[in-house]
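First comes the structure, then the notes that go with it.
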Number of protein chains: 2
Amino acid sequence: MGINAVFEALSHPVRRRILALLKNGPLSAGELAGHFDLTKPTLSVHFNKLKEAELVAVERRGTSLIYHLNTSILEEALTGLLSLKDQEP
Amino acid sequence: MGINAVFEALSHPVRRRILALLKNGPLSAGELAGHFDLTKPTLSVHFNKLKEAELVAVERRGTSLIYHLNTSILEEALTGLLSLKDQEP
DNA sequence: CTATTATTTAGAAATTCTTCTAATTAGAGT
DNA sequence: ACTCTAATTAGAAGAATTTCTAAATAATAG
């Protein structure tokens, strides 16, 4: 958990693209999968890493699972990056 | 190369710590290695990933190799992260 | 309760990552 | 040229990642 999981989750282009898609609003697992040339199980693994990092949250609606972006954790990553650049001890 | 290598490089805690150490000024490979419980060859591999991502630059001084932080690439990563959060297409 | 739809979990193969020890390269000084 | 110091490259072992197919779970509809 923690900032480690966040940066690890951000390290894969597919996962960054998932976050970019969710930026415009929540999407179901199937809708997200439709944007990639990968199988649903593969996407499911990526969803799990984003969930572990708490970069996304899930909500069930009927038979669908809806993924939401968690912007507060993204901001944590931003803060972490800024701290590598700024003049703070 | 590119943003992909940058996020991949940022995904390991040792490499983020190296960047944090370089934030306060350039350091030699040996000085950097002194901050970790890892062998010098292991650190050398981490240096290489940071170099591939262009997050650091190297300069030789005598027998030492001096590593510098490249803040402009860090800013590229920041921009990339911001784009996942902001309302830009 | 069975069938359907949406998605996940399980298991396996290929690849990449992290780390080590041993050997090599590069520069400086004697 | 030889030696010392600084750091890297090479090779290998173990762990983790990415991806797939096949099977399982969960909720809804008839």
Side-chain angles (χ1 to χ4, degrees), chain A residues 1-22 25-70 77, chain B residues 1-22 25-70 73 77 80:
Chain A
M1 309 307 187
I3 199 72
N4 242 7
V6 175
F7 277 108
E8 168 61 34
L10 289 170
S11 72
H12 199 284
V14 164
R15 291 191 292 266
R16 290 198 303 279
R17 178 111 186 281
I18 290 169
L19 296 176
L21 289 164
L22 293 178
L27 291 169
S28 72
E31 287 170 328
L32 283 168
H35 286 83
F36 298 90
D37 274 348
L38 295 168
T39 64
K40 282 179 179 188
T42 294
L43 266 292
S44 204
V45 172
H46 288 300
F47 297 155
N48 258 321
K49 301 215 171 195
L50 291 168
K51 220 168 22 177
E52 276 170 36
E54 296 180 87
L55 280 162
V56 302
V58 209
E59 167 211 3
R60 182 176 279 281
R61 195 181 300 201
T63 64
S64 292
L65 292 175
I66 311 293
Y67 285 90
H68 302 252
L69 184 60
N70 184 350
Chain B
M1 312 309 181
I3 200 70
N4 242 6
V6 174
F7 277 108
E8 169 60 34
L10 289 170
S11 73
H12 198 282
V14 165
R15 292 191 291 266
R16 290 198 303 279
R17 179 110 184 280
I18 290 169
L19 297 176
L21 288 165
L22 294 178
L27 290 170
S28 72
E31 288 170 328
L32 283 167
H35 287 82
F36 298 90
D37 275 347
L38 294 168
T39 64
K40 283 179 178 187
T42 295
L43 265 292
S44 207
V45 172
H46 287 301
F47 297 154
N48 259 321
K49 300 216 171 195
L50 291 169
K51 221 167 20 176
E52 276 170 36
E54 295 179 88
L55 279 162
V56 302
V58 210
E59 167 210 4
R60 181 176 279 281
R61 197 186 293 209
T63 64
S64 292
L65 291 175
I66 312 293
Y67 284 90
H68 302 254
L69 185 60
N70 184 351
I73 300 287

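Taking the side chain of Ser44(A) as heavy atoms from C-beta on, and the options dA7(D), dT9(C), dC20(C), the nearest nucleotide is dT9(C). Residue Pro41(A) has its side chain nearest to dA22(D) when only dA7(D), dT7(C), dA22(D) are considered. Here the side chain of Val45(A) is nearest to one of dT19(D), dT7(C), dC17(C), namely dT19(D). Comparing atom distances between the Arg60(A) side chain and each of dA10(C), dT19(C), dA27(D) picks out dA27(D) as nearest. In the set dT5(C), dA10(C), dT7(C), dT5(C) carries the atom at the smallest distance from any side-chain atom of Thr63(A).
Glu8(A) comes within 4.0 angstrom of the backbone, heavy atoms only, and of no base. Residue contacts shown for Tyr67(B) are limited to sugar-phosphate atoms, with no base heavy atom under 4.0 Å away. No contact: Lys51(B) has no heavy atom under 4.0 Å from any strand.
Contact check, Thr39(B) against dC20(C): a side-chain N or O comes under 4.0 Å of OP1 or OP2. Contact annotation: Arg15(B) reaches the phosphate of dT18(C) (side-chain N/O to OP1 or OP2, under 4.0 Å). Applying the 4.0 Å criterion to OP1 and OP2 of dT18(D), one finds that Lys49(A) has a side-chain N or O inside that range. An OP1 or OP2 oxygen of dT5(D) is reached within less than 4.0 angstrom by no side-chain nitrogen or oxygen of Ser64(B).
Atom CZ in Arg61(A) sits roughly 12 Å away from atom P in dT28(D) (whole-Å rounding). Rounded to a whole Å, the NZ atom of Lys40(A) is 9 Å from the P atom of dT8(C). Between the C1' atom of dA6(C) and the CG atom of Leu32(A) lies a distance of 13 Å, rounded to the nearest Å. The distance between atom CZ of Arg16(B) and atom C1' of dT18(C), rounded to the nearest whole Å, is 15 Å. We find that NE2 of His46(B) is positioned 4 Å from P of dT19(C), with the value rounded to whole Å. The CZ-C1' distance, from Phe36(A) to dT18(D), rounds to 14 Å in whole Å. We find that CZ of Phe47(B) is positioned 18 Å from P of dC17(C), with the value rounded to whole Å.
Between Leu50(A) atom CG and Leu43(A) atom CG the span is 10.0 Å, to the nearest 0.5 Å. Considering CG of Leu55(B) and CG of Leu22(B), their distance stands at 10.5 Å, rounded to 0.5 Å.
Between Leu43(A) and Gly62(A), the one whose closest nucleotide on DNA chain D sits nearer the 5' end is Leu43(A).
Arg15(B) places no side-chain N or O within donor-acceptor distance of the main-chain N or O of Leu10(B), the cut-off being under 3.5 Å.
Each of Leu32(B), Val58(B), Thr42(B) was evaluated against Phe47(B); a single residue qualifies, Leu32(B), per the side chain to side chain contact (heavy atoms under 4.5 Å, CB included) test.
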(message) Walk me through whether Glu31(B) and Tyr67(B) qualify under side chain to side chain contact (heavy atoms under 4.5 Å, CB included).
(response) CA-CA 10 Å; Glu31(B) 288 170 328; Tyr67(B) 284 90; over 6 Å; no
